[in-house]
Chemist: 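This is the structure I want to talk about, given as structure tokens.
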There are 2 protein chains.
Amino acid sequence: MPFTYDYERPALTVDCVVFGLDDTDLKVALIRRALPPFEDAWALPGGFVQGDETLETAARRELLEETGITDAYLEQLFTFGNPGRDPRGWTVTVAYYALVNLRDHAVKGATDAREAAWFPLDALPDLAFDHADILALAQERLRGKVRYQPVGFELLPEKFTLFQLQRLYEIILGRALDKRNFRGKILEMGILRETGEMQTGVRHRAARLYRFDTRAYQAKTRKGFSFEI
Amino acid sequence: MPFTYDYERPALTVDCVVFGLDDTDLKVALIRRALPPFEDAWALPGGFVQGDETLETAARRELLEETGITDAYLEQLFTFGNPGRDPRGWTVTVAYYALVNLRDHAVKGATDAREAAWFPLDALPDLAFDHADILALAQERLRGKVRYQPVGFELLPEKFTLFQLQRLYEIILGRALDKRNFRGKILEMGILRETGEMQTGVRHRAARLYRFDTRAYQAKTRKGFSFEI
DNA sequence: CCAAAAGTGTTAAAACTACACCCATGA
DNA sequence: TCATGGGTGTAGTTTTAACACTTTTGG
């Protein structure tokens, strides 16, 4: 059943840049395309938006269908609409970026009979369409955002050590941070709560586990506090 | 000549939130709609994107056609695609915000036989579609952006006094700033150049006129400088 | 002479930076 | 016993915030 319009209309897609963090790297989830164009090339998970869903709903749906990821932190990044960005014709894509923790979303992805894998940012394959541009913009946005909003926690498990948090910032910002200064500053903010639990199964002294205290953060934010690393 | 597709496609529009600054207020350019839906209601300037132009090109074209504004600072804001946001059917809009100085773009706008006018942000009329949401988001984005990037200058004439610049920040941020601290900080940055000229036609002591020094800013930025008010 | 903004320094408090050692644990 | 991170305090420096008066100009 075809659709007919008086004027030319674009195809509308969403694409997701999914960041995950492991012990040493920031990684991105990519899928291998099963169909032309760019058949067999790696690409961002994404697909066509349906007329009865919001853009964010479409992004979450595609994320689930193509990588098995649910409940990710998701935020709109930018809309790419250059003529010529898709060889099939006029296609506009609304790009999102997502933050997940790699432990929970470790090896899923083959759900939709498509191959999916995590790639470290410094060893990316060639990407389909203008997905390399989208990814570069997402990385830049993440670097900017992480300093002024507590989004980094989305990349960690619910309970985490201060060292994990520090390493997260070091990886994203690309520079070393001073341990004592970092710990002092972040604890001073009063937006972490001790869980009372300790790390287990590590081959060094066990660290305290903290949790991000959303309520405290929101309360402080209303009183003029602003997060900054 | 109709266009036929296998799947449903959205209509794609751009909308522009154009900010202008006068002596006391931040204002927004609105146009009065000539056609249904929302006939005679005030709305953001904008319109349909064509298949052979970029999104930004479309935004600039609509801005020119509907308000006569050219050469504005323009930046993509957010894409709104909720089903139901347009009573005519599935319509996705890529919103931009623009910064212009009101002196140069004072009373134009009636170009396209449409009524256009500047409204202060605290006395807005009811707006068509979800344009009130778009405008609110643009204002929030501007408030955030202006502190970390030197975009405020786009709202001023090319040559401006330090007092004009300070008032700009006071208006956008909504709080008073200390004169000596502000002047010290901004001059310290080394991104303003004295023009050697003075204000004329004011009924008080004439102030020095400065110009934003793009080259100095870029050079400093490459060396790690980062703008912050 | 009045109103309005121009222009100009200092000081106290707060925030930031750099820096080093002992402790606990599992391999 | 060794490697790995856990955990802790201080001093010097820099940045920020608060604060008031004289000057110039046009009306």
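Reckoned from all heavy atoms, side chains included, excluding hydrogens, waters and symmetry mates. Below, chains carry the letters A, B, ... as their sequence lines are ordered, and counting in each starts from 1. In this text, all values refer to a predicted model and were calculated from it rather than measured experimentally.
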Chemist: How far apart are the C-alpha atoms of A:Arg103 and A:Asp23, what are their side-chain angles, what is the distance that settles it, and do they pass the salt bridge (Lys or Arg N to Asp or Glu O under 4.0 Å) test?
Modeler: CA-CA 10 Å; A:Arg103 296 246 179 269; A:Asp23 291 337; 3.5 Å; yes
Chemist: Parallel, tilted or perpendicular: which fits the ring planes of B:Phe129 and B:His131, with parallel below 30° and perpendicular above 60°?
Modeler: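 Tilted: the ring planes of B:Phe129 and B:His131 meet at 30° to 60°.
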Chemist: Specify whether B:Tyr217 and B:Phe212 have parallel, tilted or perpendicular ring planes, treating 30° as the upper limit for parallel and 60° as the lower limit for perpendicular.
Modeler: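 Taking B:Phe212 first and then B:Tyr217, their aromatic rings sit tilted (interplane angle of 30° to 60°).
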Chemist: Quick one: which of C:dA6, C:dA24, D:dG7 gets closest to the side chain of B:His204?
Modeler: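 Given the options C:dA6, C:dA24, D:dG7, the side chain of B:His204 is closest to C:dA6.
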Chemist: Is there a donor on the side chain of A:Arg203 or the base of C:dT25 sitting less than 3.5 Å from an acceptor on the other?
Modeler: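 Check fails, no donor-acceptor contact within cut-off.
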Chemist: Donor-acceptor pairs under 3.5 Å, side chain of residues 173-180 of chain A to any protein atom, not counting sequence neighbours: which ones?
Modeler:
unit_1	atom_1	unit_2	atom_2	d
A:Asp178	OD2	A:Arg180	N	3.2
A:Asp178	OD2	A:Asn181	N	2.9
A:Asp178	OD2	A:Asn181	ND2	3.3

Chemist: Taking 4.0 Å as the cut-off, does a side-chain nitrogen or oxygen of A:Arg167 come that near to OP1 or OP2 on D:dG6?
Modeler: no
Chemist: Side-chain contact, heavy-atom cut-off 4.5 Å: B:Ile31 with B:Thr67?
Modeler: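 In contact.
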Chemist: For DNA chain D, determine which residues of residues 151-163 of chain B have any heavy atom closer than 4.0 angstrom to one of its atoms, and list them numerically.
Modeler: none
Chemist: Can you sort out the partners of A:Glu154 under salt bridge (charged side-chain N to carboxylate O under 4.0 Å, His left out), two or more places apart, ordered by chain and number?
Modeler: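 Not a single residue meets the salt bridge (charged side-chain N to carboxylate O under 4.0 Å, His left out) criterion with A:Glu154.
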Chemist: Kindly state which residues belonging to residues 168-199 of chain A come within less than 4.0 angstrom of DNA chain C, counting heavy atoms of the residue only, listed by number.
Modeler: A:Asp178, A:Arg180, A:Asn181, A:Lys185
Chemist: Do A:Asp15 and A:Thr93 pair up side chain to side chain, a donor and an acceptor below 3.5 Å, judged on atom types alone?
Modeler: yes
Chemist: Check this for me: does any side-chain nitrogen of one of B:Asp40 and B:Arg33 sit under 4.0 Å from a carboxylate oxygen of the other?
Modeler: no
Chemist: Taking the axis from the first five pairs and the axis from the last five, what angle separates them in the helix from C:dC1-D:dG27 to C:dA27-D:dT1, rounded to 10 degrees?
Modeler: 20°
Chemist: Strictly below 4.0 Å: does A:Arg208 bring a side-chain N or O up to OP1 or OP2 of D:dT8?
Modeler: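 Yes, A:Arg208 has a side-chain N/O under 4.0 Å of OP1/OP2 on D:dT8.
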Chemist: Show me the donor-acceptor pairs within less than 3.5 Å that the side chains of residues 183-200 of chain A make with the rest of the protein, sequence neighbours left out.
Modeler:
unit_1	atom_1	unit_2	atom_2	d
A:Arg193	NH1	A:Asp213	OD2	3.4
A:Thr195	OG1	A:Glu197	N	3.0
A:Thr195	OG1	A:Leu209	O	2.8
A:Glu197	OE1	A:Lys159	NZ	3.3
A:Glu197	OE2	A:Lys159	NZ	2.8
A:Gln199	OE1	A:Ala207	N	3.1

Chemist: So which heavy atom on A:Ala72 is nearest to which on A:Val100, and how close?
Modeler: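 Smallest heavy-atom distance, with atoms named: CB-CG1, 3.4 Å.
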